[in-house]
Amino acid sequence: MVAVTLAGAFLRLYHLGYKALWFDEAMIYWIIKGRTLSEIIHLNAAHNSAPPLFTVLTALVVQLGETEFVLRFIPWLAGVASIPVVYLLARKFTGKIPAYLTAALVAIAPTQVRYSQELREYSLAFLLAALMILFFK
């Protein structure tokens with residue numbers, strides 16, 4: 001499982017800070033740039049289609065730096081963390097081999113890799129959904 005997770009981490013890490021921010025990503029950056037928590041929550045509600053958790057977490061991380069790499073760290077981390085979580089979830093319903101295959105599919109799925117490299121909440125939402133199913137099933 002470590003090898004599968006590392007492979008997924010490296011796939012997601014490749015060119016993580018290479019691409020410039022696109023409009024939706026830039027909007028999130030604008031929402032968090034130099035604002036208080038209440039301002040972030042208000043602006044997120046007015047200008048973003050997602051709940052404020054991702055935006056607030058990104059505001060905390062951006063204190064480490066304002067590069068594309070740092071801004072996209074939360075989606076990367078959530079995407080990597082989702083690999084072993086999906087393994088554990090699959091393990092509840094299947095054997096070891098199918099659970100490994102399921103985790104490997106999440107590790108290499110182009111959509112999962114792409115969403116882990118975008119400053120959007122998609123990989124965090126996937127992780128949280130998998131965790132909810134894992135703990136409440």
Side-chain angles (χ1 to χ4, degrees):
M1 206 45 243
V2 171
V4 171
T5 303
L6 285 175
F10 287 122
L11 279 174
R12 286 158 175 75
L13 191 60
Y14 181 71
H15 281 217
L16 185 63
Y18 182 73
K19 295 178 268 187
L21 298 178
W22 53 287
F23 181 77
D24 286 355
E25 293 176 312
M27 182 61 75
I28 291 174
Y29 178 65
W30 173 78
I31 289 170
I32 65 174
K33 179 70 175 134
R35 308 218 195 273
T36 65
L37 180 62
S38 62
E39 290 173 325
I40 290 169
I41 291 171
H42 174 72
L43 286 171
N44 186 69
H47 299 286
N48 192 8
S49 62
L53 175 64
F54 177 76
T55 309
V56 170
L57 290 175
T58 304
L60 294 173
V61 171
V62 80
Q63 295 176 18
L64 300 173
E66 296 183 13
T67 65
E68 285 87 352
F69 182 88
V70 172
L71 286 167
R72 293 177 177 140
F73 180 75
I74 297 279
W76 175 82
L77 187 62
V80 172
S82 66
I83 298 166
V85 169
V86 166
Y87 169 78
L88 293 172
L89 179 60
R91 196 67 182 97
K92 282 186 133 183
F93 300 102
T94 65
K96 278 188 176 183
I97 301 299
Y100 282 127
L101 291 174
T102 304
L105 285 174
V106 170
I108 65 169
T111 54
Q112 293 297 322
V113 172
R114 185 175 129 226
Y115 288 152
S116 295
Q117 294 179 333
E118 290 185 1
L119 181 59
R120 294 294 293 164
E121 67 283 346
Y122 307 128
S123 61
L124 181 61
F126 180 79
L127 172 64
L128 293 176
L131 283 169
M132 284 190 289
I133 296 169
L134 177 65
F135 289 121
F136 295 109
K137 178 63 182 151

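Scope of the values below: all heavy atoms of this structure, side chains included, with no hydrogens, waters or symmetry mates.
When ring centroids are compared, Y87 and Y100 come within the 6.0 Å threshold.
A donor-acceptor distance shorter than 3.5 angstrom exists from the side chain of K92 to the backbone of L134, with no hydrogens or angles considered.
For the pair E25 and R72, the salt-bridge criterion is met [side-chain N within less than 4.0 Å of a carboxylate O].
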Residue pair L13, F69: steps toward the side chain to side chain contact (heavy atoms under 4.5 Å, CB included) verdict:
CA-CA 9 Å; L13 191 60; F69 182 88; 3.5 Å; yes
Is there a side chain to side chain contact (heavy atoms under 4.5 Å, CB included) between L105 and L101? Walk through the geometry before answering.
CA-CA 6 Å; L105 285 174; L101 291 174; 5.5 Å; no
Just do the side chain to side chain contact (heavy atoms under 4.5 Å, CB included) check on E121 and F126 with the steps written out, would you?
CA-CA 9 Å; E121 67 283 346; F126 180 79; over 6 Å; no
Evaluate the criterion side chain to side chain donor-acceptor pair (under 3.5 Å) for residue pair N44 and R35; output intermediate values, then yes/no.
CA-CA 11 Å; N44 186 69; R35 308 218 195 273; over 6 Å; no
List the steps, then state whether side chain to side chain contact (heavy atoms under 4.5 Å, CB included) holds for N48 with M27.
CA-CA 8 Å; N48 192 8; M27 182 61 75; 5.7 Å; no
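The aromatic rings of W30 and H47 lie perpendicular to each other, with more than 60° between the two planes, well past the 30° mark.
In the hydrophobic cluster analysis, where Ile, Leu, Val, Met, Phe, Trp and Tyr join through side-chain heavy atoms closer than 4.5 angstrom, Y122 is grouped apart from V106. Under the 4.5 Å side-chain heavy-atom criterion for grouping Ile, Leu, Val, Met, Phe, Trp and Tyr, Y18 is not connected to F23 through any hydrophobic cluster. Clustering ILVMFWY residues whenever any of their side-chain heavy atoms sit less than 4.5 angstrom apart, transitively, puts I74 in the very cluster that holds F10. Residues V4 and Y14 do not share a hydrophobic cluster, clusters being chains of Ile/Leu/Val/Met/Phe/Trp/Tyr side chains in contact below 4.5 Å. Residues W22 and L71 do not share a hydrophobic cluster, defined by chaining ILVMFWY side chains whose heavy atoms lie under 4.5 Å apart.
Proximity of F54 to P75: side-chain heavy atoms (C-beta onward) are separated by under 4.5 Å at one or more points.
Considering every non-hydrogen atom in both P52 and I41, the closest pair reads CB-CG1, 4.3 Å. Across every non-hydrogen atom of A107 and R12, the tightest pair is O-NH1, 2.8 Å. Residues E68 and K19 approach most closely at CG-O, 3.5 Å, considering heavy atoms. Nearest heavy-atom pair across I40 and A59 is CD1-CB, 3.6 Å. When all heavy atoms of L16 and S116 are compared, the pair lying nearest together is CD1-O, 3.9 Å. Between L11 and V113, the shortest heavy-atom contact is O-CG1, 3.7 Å.
The distance from the CD1 atom of I83 to the OG1 atom of T102 is 12.5 Å, given to the nearest 0.5 Å. If you take CD1 on I32 and CD on E39, they are separated by 13.0 Å, rounding to the nearest 0.5 Å. Here the CG-CG distance, from L77 to L124, works out to 9.5 Å after rounding to the nearest 0.5 Å. Taken from CG in L128 to CD1 in I133, the straight-line distance is 11.0 Å, to the nearest 0.5 Å.
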